[in-house]
Amino acid sequence: MALLDLRLRELLDEIAAEGRTPGGGSAAALVTAIAAGLLAKVARSSGDTWPEAAGIAAQAECLRDRATPLAQAVAEQYEAALRARAETGDEQGERRDFALGRAYAKAAEPPLQIARAANDVAQLAIGVAESGNPALRADAVTAALLAAAAAGSAAELVAVNLTASAGDSRVLEAAKLAEEAARAAETARAVRE
């Protein structure tokens, strides 16, 4: 099923339905894309007073385009990992461990990409909150908060998929990205105060 081809209500129903996917990863990707869209909106409405607004809007659109397809990718890779687990069944040994490890490592890649994109959105939100249209500053702050939540959620999924490797560089990177995004959201929030 192509998630991005669904109407909003259908997508929400799919997320709420029984089954493993679409789940938290798809939601995090879509939240990241929505946050980037909010930044594009604020930047576009700031062109009269902010010379960099058009460039910032373009950056936000690129981030939205980067995050959006990850909603499908994260569901597909996780489903592939679940199929690999089912196919190995009761099999034991190194071959099974290798096959599952490889499948779950692939499943960790889309959430890591989501964390990267979400952190980039949160970082961009600081400048938008500072220089964008003051009447829409709350939208920039909301974008930062949404992106931080998405980065944290994606980091959790990376850790879950790579649970046997807590010290894995991807787990550490995702956690760092989530922390950076959270700090950026607080910085953006402080602009309005």
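As the structure is a prediction and not an experimental result, all values here were calculated from the model.
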Next item on the list: For the residue pair R9 and D13, establish whether any side-chain heavy-atom pair is separated by less than 4.5 Å.
Entry: yes
Checklist line | Shortest non-hydrogen separation from G132 to R137 and the atoms involved | finding: O-NH2, 4.1 Å
Item checked: Separation between OG1 of T68 and CG of L3, rounded to the nearest 0.5 Å -> 11.5 Å
Side chains of residues 103-125: which donor-acceptor partners sit under 3.5 Å, not counting sequence neighbours?
unit_1 : atom_1 : unit_2 : atom_2 : d
E109   : OE2    : Q113   : NE2    : 3.3
R116   : NE     : E173   : OE2    : 2.8
R116   : NH2    : E173   : OE1    : 3.0
R116   : NH2    : E173   : OE2    : 3.3
N119   : OD1    : Q123   : NE2    : 3.1
N119   : OD1    : A181   : N      : 3.2
N119   : ND2    : E180   : OE1    : 3.0
D120   : OD2    : R66    : NH1    : 2.9
D120   : OD2    : R66    : NH2    : 2.9
Q123   : NE2    : E180   : O      : 3.3

Note to self: How close do A33 and A67 get, counting heavy atoms only, and between which atoms?
What the structure shows: N-CB, 3.9 Å
Note to self: Any heavy-atom pair between the side chains of V158 and D168 that's under 4.5 Å?
What the structure shows: no
Margin query: Give me the atom names and distance for the closest heavy-atom approach of A143 to L38.
Written below: CB-CB, 4.0 Å
Notebook entry, point to check: Are I126 and L145 joined in one hydrophobic group, where the rule is that I, L, V, M, F, W and Y side chains link up if heavy atoms are under 4.5 Å apart?
Noted result: no
Next item on the list: Nearest 0.5 Å please: distance from the CG atom of L30 over to the CG atom of L11.
Entry: 6.0 Å
Margin query: Looking at every non-hydrogen atom in both residues, tell me the closest pair between R44 and A57 and how far apart they are.
Written below: CG-CB, 4.0 Å
Next item on the list: Quick one: list whatever passes side chain to side chain donor-acceptor pair (under 3.5 Å) with T142, sequence neighbours left out.
Entry: none
Notebook entry, point to check: With the 4.5 Å side-chain cut-off for hydrophobic clustering, are L6 and L12 part of the same group?
Noted result: no
Check: Can you tell me if Q72 uses its side chain to pair, donor with acceptor, with the backbone of P69 under 3.5 Å?
Finding: no
Next item on the list: List the steps and the verdict of salt bridge (Lys or Arg N to Asp or Glu O under 4.0 Å) for R7 and E10.
Entry: CA-CA 5 Å; R7 292 181 176 270; E10 294 169 332; 5.2 Å; no
Next item on the list: Measure across A178 and A155 and return the closest heavy-atom pair with its distance rounded to 0.1 Å.
Entry: CB-CB, 4.0 Å
Check: Quick one: CG on L82 to CD on E87, what's the gap to the nearest 0.5 Å?
Finding: 11.0 Å
Check: Hey, is the main chain of V42 close enough, under 3.5 Å, to the side chain of S45 for a donor-acceptor pair?
Finding: yes
Check: How many angstroms lie between atom OG1 of T187 and atom CZ of R183, to the nearest 0.5 angstrom?
Finding: 8.5 Å
Item checked: Heavy-atom side-chain contact between I15 and S26 under 4.5 Å -> no
Next item on the list: Say whether L39 and L63 are linked into one hydrophobic cluster, either directly or through other cluster members, by side-chain heavy-atom distances under 4.5 angstrom.
Entry: yes
Check: Can you name the nearest heavy-atom pair linking A185 to A144, along with the distance?
Finding: CB-O, 3.6 Å
Checklist line | Non-hydrogen side-chain atoms of Y78 and N161 separated by less than 4.5 Å | finding: yes
Check: Given the rule that I, L, V, M, F, W and Y join up when any side-chain heavy atoms are under 4.5 Å apart, are L136 and I56 in one cluster?
Finding: yes
